[in-house]
Amino acid sequence: MSNDALIRFTGVSHHYGDSSREILSNADFALARGEMAFLTGPSGAGKSTMLKLIARLARPTLGEIIVDGQRLSALRPREVPAYRRQFGMIFQNFNLLADRTVFDNVAIPLIIRGHSGDDIARRVRAALDAVGLRGKERHWPQTLSGGEQQRVGIARAVVAKPRLLIADEPTGNLDPEMAQEVMQLFNRFNEVGVSVLVATHALGLISRLPHRILRLENGLLTQIKASEFDYTDDAEEQSA
Amino acid sequence: MSNARRVGNTPSGFSRWLLEHTRAISATLDQLKRRPFGTLLTAFVIGVTLALPAGLYSVLGSLDAASSGLKGSLRASLFLRDNLDDAAGQALAAKLAKRPGVAEARYISRDQALAEFKAHSGFGEALDILDSNPLPAVIVVTPDSKAPKAQASAMLDEMTKLPEVESARLDREWLERLYAILAIVERLVLLIAGALAIAVLAVVANTIRLDISARREEIVVLKVIGASNGFIRRPFLYTGLWYGLTGALLACLMVIGAQVALSEPAANLAGLYGVGAGFGALAADTVFAVFATGAALGWLAAFWTVGRHLGGIEPD
């Protein structure tokens with residue numbers, strides 16, 4: 001796995017501004033091509049920050065991050081958009097554009113890439129099909145349920161067929177049934193070769209999936225197997 | 001990403017450029033159509049701002065055309081030496097008439113001059129007591145009305161120095177005063193146009209700034225998804241361009257409306273001075289200049305505003 005890592009963190013540390021508290025402390029981590037993994041930890045532990053570091057929305061204080069062979073520290077500002085186009089991002093609050101239909105929201109990554117109209121129509125329908133939203137093309141995001149909105153977000157993330165999906169608390173605003181569906185969707189994309197990294201609090205859901213779990217707490221990143229993971233503390237924290 | 005894979009049928013080169021711009025044009029026009037009142041209000045402000053210098057420029061053009069009609073008044077009376085006989089005087093007039101820039105060179109003999117003087121001055125009987133005709137022969141030279149003012153004036157100056165000419169009188173002082181006034185007005189129009197151009201820049205820049213502010217979340221999402229600054233900037237530039245062009249269209253309509261409203265009194269005034277028909281139609285080059293100025297100002301204002309504000313919007 002280590003020789004074929006899609007994402008590799010080497011001695012990565014990060015803290016915000018002048019704050020002395022390290023969000024991430026000397027972290028080493030690798031996500032293999034085609035692997036799916038979960039990132040857990042208490043609120044404020046830095047799960048989102050870690051995803052931001054991968055998406056080059058933040059830069060590490062120390063250490064090196066390599067994604068798909070590309071050293072992120074070597075990226076020039078004008079190269080960042082092209083880098084971000086290589087993966088799909090999914091957010092807790094969906095980040096859909098309210099003044100665009102479902103079709104237009106999902107089409108955005110393809111428009112950015114300059115795809116032709118026919119190609120966009122075909123790919124958007126396929127992506128909506130994959131997330132079970134066929135027939136909702138002309139709907140406005142605000143007329144959909146939370147679960148449907150998140151599925152639109154997932155369709156937008158996968159429409160350009162990225163190698164990597166990054167999801168930040170994708171089930172945070174969903175009921176358990178919808179959350180289950182969304183996790184199954186990630187699982188399905190992973191089964192066809194897409195690498196997936198999900199930051200989540202939904203420990204009940206991830207314990208049922210056969211993937212690696214990373215725990216981030218007090219700046220330290222540890223790796224544990226699902227079977228060994230004691231999620232009582234996090235579950236209590238969630239219900240509090 | 002060095003080993004980035006190309007996804008699907010993405011056009012390249014000029015096709016992609018054309019596709020992206022076509023999409024930006026279509027999207028921005030749709031967006032402006034969705035809020036017609038706001039769009040028209042902004043365009044109206046720009047229109048009024050462009051109409052004032054365009055109208056003044058048009059009036060200036062009409063005055064300039066009218067002053068060309070007055071160029072007939074720019075003429076010289078060349079009083080010939082007494083020793084020149086009628087044949088020599090007529091030959092000189094014919095020679096002067098052939099010069100480029102001369103519309104007419106009319107010879108008035110001493111006898112004709114005396115007859116005209118007697119007929120118009122009322123001193124006919126007084127002249128009868130003189131032994132001889134005191135009036136010189138005259139050649140009245142009128143420059144071509146199409147010749148530039150300065151060139152015509154210089155040509156007449158030169159004629160007054162001919163050896164056959166005893167003395168000369170140039171009827172041009174009042175015309176020169178008119179030209180001086182027109183030059184000042186022309187400069188004033190330029191100054192006003194400059195000030196109003198800044199006003200157009202401010203109007204468009206502020207509108208685009210508000211637009212950027214309203215679409216802040218969208219810009220953040222686009223940046224996270226991987227849109228380049230060029231992709232995000234493009235719709236705002238087209239929006240600025242449409243504001244400028246719509247403003248220019250309204251400005252032209254306002255000037256035409258004003259010309260129609262003022263055409264009759266202007267024609268009456270022009271008729272009193274015998275200088276043509278008042279306001280002419282809005283010239284094609286003026287229309288082109290208004291549209292080009294509107295488009296350029298709208299685009300520049302958008303470019304400047306987007307450059308200032310886009311960098312400050314980053315996903316956190």
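Computed from a predicted model, the values in this text were never measured in an experiment. Chain letters run A, B, ... following the sequence lines, proteins first and then strands; every chain starts at 1.
Looking only at distances, a side-chain donor or acceptor of Thr39(B) sits under 3.5 Å from a matching main-chain atom of Arg35(B). At least one donor-acceptor pair under 3.5 Å links the side chain of Asn105(A) to the backbone N or O of Arg100(A).
In this structure, Arg163(A) fails the cation-pi test against Phe87(A), since its NZ or CZ atom is not both closer than 6.0 Å to the six-membered ring centre and inside 45 degrees of the ring normal.
In this structure, chain A has heavy atoms under 4.5 Å from both the backbone and the side chain of Val224(B). Residue contact with chain B, scored on non-hydrogen atoms closer than 4.5 Å, involves the side chain of Arg156(A) exclusively. Only the side chain of Glu20(B) comes within less than 4.5 Å of a heavy atom of chain A; its backbone N, CA, C and O stay farther away. With a 4.5 angstrom heavy-atom cutoff, Ile120(A) touches chain B only via side-chain atoms. Interface remark: Leu19(B) contributes side-chain atoms only to the contact with chain A (heavy atom separation under 4.5 Å).
Among Asn229(B), Ile225(B), Val220(B), Ile232(B), the residue with the largest count of heavy-atom pairs under 4.5 Å with chain A is Ile225(B). For chain B, the option among Ile108(A), Leu96(A), Leu97(A) with the highest count of heavy-atom pairs below 4.5 Å is Leu97(A).
A donor atom on one side chain and an acceptor atom on the other are not found under 3.5 Å apart for Thr101(A) and Trp140(A). In this structure, a donor-acceptor pair under 3.5 Å is absent between the side chains of Thr10(A) and Asp28(A).
Residues passing the ring-ring contact (aromatic ring centres under 6.0 Å, His included) test with Trp304(B): none are found, sequence neighbours excluded.
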